[in-house]
Amino acid sequence: MFVQGTSLLRAAAAMSFAAGLLSTTISSNAADSTVKVGLIIPMTGGQASTGKQLDNAIKLYVQQHGDTVAGKKVEIILRDDAANPENTKRIAQELIVNDKVNILAGFGITPTALATAPLATQAKVPEVVMLAGTSIITERSPYIVRTSFTLAQSSTIIGDWAVKAGIKKVATLTSDYAPGNDALKFFKDHFIAGGGQVVDEVKVPLHNPDFAPFLQRMRDAKPDAMFVFVPGGQGGNFMKQFTERGLDKSGIKVIGPGDVMDDDLLNAMGDAALGTVTAHMYSTAHPSKVNKEFVAAYRKAFNSRPGFVAVGGYDGIHLIYEALKKTNGNTDGDALVAAMKGMAWESPRGPISIDPETRDIVQNIYIRKVERVDGELYNIEFQTFDAVKDLGKTRK
Ligand code: PHB
């Protein structure tokens with residue numbers, strides 16, 4: 001009975017979404033001088049610092065490039081989903097049906113990007129993923145385009161690096177949800193193939209993780225290194241507990257994708273972070289002119305440093321602006337996605353492009369080490385892998 005009631009409710013919601021879509025199509029046929037971008041990001045809850053970075057970066061881009069593109073005024077409608085996919089789905093529906101947005105963007109964690117995918121497909125609205133990093137995301141809708149990264153891109157590379165660096169025994173700590181599982185799988189595939197050994201595996205909840213029991217176990221097990229994936233925003237808390245338990249003095253190194261060493265939080269981690277090697281697509285210290293200007297403008301506007309999350313947002317809004325230029329302001333979803341496919345530009349992270357087949361990002365992955373420069377901690381890049389595609393898809 002309950003199940004039946006629930007499915008009836010679902011059917012009713014789907015019907016009203018479909019009816020809403022019909023009226024959306026009719027009204028958007030009228031010549032409209034505004035492009036509406038529905039930005040769904042976590043502004044509250046445990047992932048709020050990532051929502052803030054995305055919001056900042058988009059504000060900065062609009063400040064620098066103006067709010068008019070191809071003769072249309074860009075209106076950004078920000079909605080907070082607190083990283084809860086139930087909220088995201090409801091908000092995406094409202095944005096599509098009531099606000100009649102032309103583009104959906106943001107998505108701070110994988111479940112929120114996935115929850116929106118069927119709606120993007122049904123409404124034929126592009127979904128620009130600016131942070132979530134699980135490989136399968138772009139396969140869930142032909143309207144999804146990603147400007148962030150995948151965990152496969154960085155975890156394979158750090159797996160190979162660990163072998164070459166002579167690391168033999170690793171214990172892993174990963175967030176217990178899709179990107180954590182990707183990070184673990186791709187790291188292990190490469191590390192074990194190279195002769196490495198994984199001696200312990202621990203998964204922690206995505207929300208409010210307590211790292212203490214794991215850290216205690218690590219002190220006793222004494223692996224050469226810990227492979228850590230926590231999503232952007234959580235690295236500070238991890239390193240605080242790491243230091244409190246004296247692991248910074250234990251000789252056990254932290255390695256992983258660069259999410260744990262987010263530049264946004266790095267300075268607050270203190271000396272415990274020094275020497276940590278990670279693989280990632282962006283460092284605040286990336287030594288290019290484009291990045292130096294980006295970092296200076298971001299610091300000036302927000303009195304803080306941009307991290308990799310900010311760059312995903314900055315490039316995401318750039319992609320939207322450039323696609324609109326290419327379509328001459330046509331907001332048809334298919335036209336916009338076609339315009340985004342194959343687009344290439346120089347990001348603060350280095351050269352990037354959108355793979356025309358997968359709509360996923362192609363970018364350099366850098367291996368970096370935390371060092372102190374001019375009194376601040378930075379991820380200093382020392383090796384570059386050029387134009388890395390999402391290895392999570394190509395290997396299927
Ligand atoms: C994700 O949920 O896909 C995600 C979020 C933040 C990250 C990486 C992955 O830093």
Side-chain angles (χ1 to χ4, degrees), residues 40-43 45-55 57 81-85 87-88 105-117 127-140 144-158 173-187 203-209 227-239 254 256-266 278-284 306-316 349 360-361 363 365 368 379 390 392-393:
I40 314 178
I41 50 179
M43 297 301 289
Q47 296 307 112
S49 71
T50 60
K52 185 80 196 146
Q53 279 199 68
L54 290 167
D55 183 32
D81 66 358
N84 175 340
N87 294 345
T88 319
F107 308 103
I109 58 169
T110 290
T112 65
L114 294 179
T116 307
E127 176 182 337
V128 178
V129 174
M130 296 171 160
L131 174 52
T134 306
S135 288
I136 46 140
I137 289 174
T138 49
E139 292 168 323
R140 290 297 170 89
I144 295 181
V145 183
R146 173 157 39 202
T147 58
S148 47
F149 51 84
T150 70
L151 274 306
Q153 287 176 322
S154 46
S155 300
T156 48
I157 285 173
I158 200 71
L173 172 118
T174 50
S175 278
D176 191 10
Y177 76 125
N181 295 338
D182 269 10
L184 180 62
K185 174 189 179 328
F186 290 104
F187 169 75
K203 296 188 181 186
V204 293
L206 166 62
H207 298 294
N208 306 313
F227 171 86
V228 178
F229 167 75
V230 289
Q234 296 191 4
N237 188 26
F238 172 79
M239 286 307 288
V254 172
D259 308 68
V260 66
M261 289 290 126
D262 188 351
D263 288 289
D264 185 41
L265 309 170
L266 189 57
T278 55
H280 213 35
M281 48 30 119
Y282 178 71
S283 163
T284 309
F308 66 94
V309 178
V311 173
Y314 195 74
D315 286 327
R349 71 187 99 171
D360 220 334
I361 185 136
Q363 60 190 336
I365 297 293
R368 321 89 51 81
N379 291 294
D390 172 37
K393 272 184 283 289

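Residue indices begin at 1 and follow the sequence shown. Just follow the structure's listing: the first ligand is 1, and inside any ligand the first atom is 1.
Side chains of Asp390 and Ser135: a donor on one and an acceptor on the other come within 3.5 Å. Thr88 and Asp81 share a side-chain donor-acceptor pair at under 3.5 Å.
Classification of the Phe187-Phe227 ring pair by plane angle, with boundaries at 30° and 60°, yields parallel.
Salt-bridge check for Asp264 with Lys52: failed, with every basic side-chain N at 4.0 Å or more from each acidic carboxylate O.
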Short N or O contacts of ligand 1 with protein, under 3.5 Å, listed by atom name?
| unit_1 | atom_1 | unit_2 | atom_2 | d |
| --- | --- | --- | --- | --- |
| ligand 1 | 2 (O) | Thr110 | N | 2.8 |
| ligand 1 | 2 (O) | Tyr177 | OH | 2.6 |
| ligand 1 | 3 (O) | Thr110 | N | 3.4 |
| ligand 1 | 3 (O) | Thr110 | OG1 | 2.5 |
| ligand 1 | 3 (O) | Gly133 | N | 2.7 |
| ligand 1 | 10 (O) | Gly232 | N | 2.8 |
| ligand 1 | 10 (O) | Asp259 | OD2 | 2.5 |

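Between Val309 and Leu54, the closest heavy-atom pair is O-CD2, 3.3 Å.
If you run side chain to side chain contact (heavy atoms under 4.5 Å, CB included) between Gln47 and each of Ile109, Leu131, Thr112, only Ile109 comes through.
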